[in-house]
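Right, one structure below, let's go through it.
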Amino acid sequence: MLYIPCPYCGPRDETEFAYGGPSHVTRPELTATDREWTHYLYHRANIKGPYPERWLHSFGCGRWFNVVRDTTTHDILEVYLMGESGRPPEQAP
Amino acid sequence: MTAPGPYRLQERAVGAPVEFRFDGRALRGIEGDTVASALLANGLRVVSRSFKFHRPRGIFTAGVEEPNALVQLHSAERAVPAARATLVPLSAGLEVSSQAGWPSVSHDALRAIDFVHGIFAAGFYNKAFMWPSWHVYEPIIRKLAGFGRAPTGPDPDRYDTRHAQCDVLVIGAGTAGIEAARTASTAGQRVMLVEQDPFPGDSLTALASVPNLKVLRRTTAVAHYDHNLVALAESVDDGGTGSELPRERLWLVRAARVVLATGAFEQPLIFSNNDRPGIMLAGAALKFLRRHAIAPGRQVVVATNNDSAYLVARELRQAGVNIVALVDSRKAPPDSLLQEVRSLGIQVHAHSIPIDTAGFSALRRVTLGSLGSGTGTGVSDTRHLACDALLVSGGWSPVLHLFAQAGGKLKFSATTRTFGPVAALPNIEIAGSAAQPSSETLGERVSPVGNTARKWIDLRHDVTIADIELSVRENFTAVEHIKRYTTLGMSADQGKVGQAPATEVIAKTRGLRPSELGHTTFRPPFVPVALGTMVGRKVGALYAPTRRTPLYSLQAGAGGLFEEFGEWQRAAAFPRGGESRAQAVAREVKLVRNGVGLYDASPLGKIELIGPDALDFADRFYINNLMTLKPGRARYGIMLRETGVIFDDGTAVILDEDRVLLTTTSGGAGRVAAWLEEWRQCEWLGVRVVVAPVTEQWATVALTGCHARAILARLKPDCDVSNEAFPHLGFRATRLLGSEARLYRVSFSGELTYEINIPAHKGPELWAALLEEGRSFGIEPYGLDALLHLRMEKGFLHVGGDTDGTTVPDDVGFGKPAATKSRHYVGKRSLSLPENVRPDRLQLIGLAGVDSTTLAVGSHLRLPDSKEATDGWITSAGLSSVDGKPIALAMLRAGRAQMDQVVSVHDAGRIVTNARVVAPLFYDPTGARMNA
């Protein structure tokens, strides 16, 4: 059971969190081709090593944030807020 | 007073006698005994029969690694099968029984199997017992294996769970563990020290005064999980039902640092017939002597390949036990040790190894052979020694299971001849003999001669060297394959005793060096753990939270038949005066269609969106255009996943300039709120809105039927409820019964309906007031079954009932609004993907049965001349409230183009009836009833 350092609350047991898949999945525009859109829906990298992913502190502060976790050792290497790493604020739908 | 038992060393034994029974036989042990030591003291050699061949077996170890002495404890619902006798504390009146053997464990007719043991070689169930089917033989073979009897009822004992955090968790309270614990706690760290052995020694009591130190006895560290979360199973009180204490306690400990002072398991020597009762690990015999004053036999031979057994021989001799000989497979054992034992009159056979034993029911004789120099392919100078106990020591293997569970890599070392860590892990330290197996050079541990089919490498599962050779011959050569093919190491002891020699045997068979072999994966738990311990208190009523609406008591009082629907306790129906559920539902449907009913809709999800962007934000989720929504109007909306699949449906109303109120399905309340929040936090970070779920803050009552308006008017709401002022799909925020209230004129039933929302604490008052004011109209409560039928007749969508994980809006007739909305909403792009526009997709249609056969949900449908296995299935069904005939909603392949077609209806492989495809609307097609 992972010990996840919530950037708002501090380290807590994994059972307080919900997993949200990989980070930085970019939502294409409506004009995306079928191929681009299908890639956005279903295709994810399967990385062995440091992997950026989203976690939600569902039984805590209720905030989403990003974690870089090594998929082989489960070491948590980095934690940063949602929207960080050069992500622009609101994207028009 | 004389300490009981012919093998008890009287001068040493202290403790009051304890009466117990083994297989019904009255026996006596002394205080502090385990079941194993008490049986040994009484000379009971045979305590079980082996798994396949029913050979007699005796106690082999003194601890957690015991492979043979598995016994049955207690009875009925407290029964414990496969308890390790070496760990069970003896208590007065304890009933212990053996698990195998017919008619008894000491005289087992099934030993006959041993004479044809070749049939039962590894993998026999893939080669023999195949005709007519393995399943004919399997139950018999399982029964013969002697697994013990499972409890016959729910576990009456309590189990607790505790969570703890510490700076250092020390596992094992031997010398190294105690030192590590003491050092860390005196340095000011919070330390926990756990020990599973029931006899940890005096040094543990000396720790009582050490600050910051918590000691847990009779506690086994069973699992290491990520980030140093360690699960401990503490044995608390086995005293039986009625005890105030839990039987076991599971600790979940998060430690900054873990110290594994877990010691080592002694390994056996391997030779022909190395499994007879009376053969035991040397270290175990020493424990039985020191702790329980027990002699392993009257004529004891000690056989070893290392130094440690010399201490055992010496101490036994000094206690008065007759040590016939000490056999050492090493050519030149250390002189100092030789002198010590010889001075006690013990004869030493150096460079020799046991090669066989004799004794049908128990050990009678051991045969020794001298090891030649060089090739080691044979022995010379074979000789017999009469003995009734043979203590074996084949070296020691560090206990590194938790290290491996933590991801630590292990490698077999040619020098220590056992597994050791390849590299250290951060925050896990190994201390003591677990870190440093002895540096001495070990002698031979496997006899070079003898029938390999009689050399046991896994006592518990009756696996011999011949089985390993067979496995390799049949090309199951990887250790994971050998394990599964022979079942080596798969038993309750998980191969704790024997892993080192087994690895060397496998390597030899394959012609490799042992260090070239890996090991099988170590998985939790380290020892068997009772299910109750893992579950703790989360059983029965505590398994999941029970959710009740504010109107629960009133409905229960009215005879509501409650069931769990998506976490909520809801009334399915209100049977009266001996009605069946189906009769109640039929009555309630009629009531709502012709009169007026009351329904508790409180679990319906309610979510407020607050902020300048509230409406814009809501509009991003629905296929329907919300931007044109006006105050006072409710708009129905369907919500999709990004894949285009229908996710939820509900309504949207404008409460205020900056405030929108959404409703969701009852089961989707939490899901939808989380969904909205995810998009708000992760995708549209700048949007100015707050998502506030308010489902539990409002009680919702649906006043349903043609008299609804009249009854509502009597409650004098603060708004005009006439049809002109408050038409269908209207919404009013108003006051009712002295409180704020929100009125929706929406209908799921197809009748005139007001969904009245009032603050939760006023719910019961509202319900009672409506029943009172509606009395003269014949108002009654109705349940979920009736509502689902009513809405089915109208063809109203039941998300998750008629839809599934593939349904897109066009499948259920909402293709047009989904396509016309130009704004990008979640899921819109997916609707034009090829899969979602296929012409042969399943589409929602209605079915009318051709005869009186009821239509059943889940029945499959087939079109005439269909080439497919199925063309769809029935999603909702019932008897029409209009004419009593069978009707249904169904998903049918290209259904909308099949109107009037007759399809066959299939159930459990048979055609049960036929049905005609009709529009999914069986009642009031113009909607006049709702709009009245």
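We name chains A, B, ... by the order of the sequence lines, and we start the count at 1 in each one. Predicted model only: the values in this text are computed from it and were never measured. Every heavy atom of this structure was used, including side-chain atoms; hydrogens, water molecules and symmetry mates were not.
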Quick test of your reading of the model: are B/Asp619 and B/Arg635 salt-bridged, counting only N-O distances below 4.0 Å?
no
Are the aromatic ring centres of B/Phe621 and B/Trp684 under 6.0 angstrom apart?
yes
At a heavy-atom separation under 4.5 Å, does A/Leu2 approach chain B through its side chain, its backbone, both, or neither?
both
So, the part of A/Asp13 with a heavy atom under 4.5 Å from chain B: the answer is both
Within 45° of the ring axis of B/Trp675 and under 6.0 Å from its six-membered ring centre, is that where the NZ or CZ of B/Arg641 lies?
yes
What part of A/Trp37 gets closer than 4.5 Å to chain B, counting heavy atoms only: side chain, backbone, both or neither?
side chain
Are B/Asp167 and B/Arg257 close enough for a salt bridge, meaning some N to O gap below 4.0 Å?
no
Taking only Lys NZ, Arg NE, NH1 and NH2, and the carboxylate oxygens of Asp or Glu, determine whether B/Arg162 and B/Glu234 approach each other closer than 4.0 Å.
no
Does any donor atom in the side chain of A/His74 or A/Asp70 lie under 3.5 Å from an acceptor atom in the other side chain?
no
Is A/Tyr42 close to chain B through its backbone or its side chain, or both, or neither, when contacts mean heavy atoms under 4.5 Å?
side chain
Turns out that what part of A/Arg54 lies under 4.5 Å from chain B's heavy atoms comes down to side chain
Quick one: what part of B/Arg254 sits under 4.5 Å from any heavy atom of chain A, side chain, backbone, both or neither?
side chain
Quick check on B/Glu835 against chain A: is it the side chain, the backbone, both or neither that has a heavy atom closer than 4.5 Å?
neither
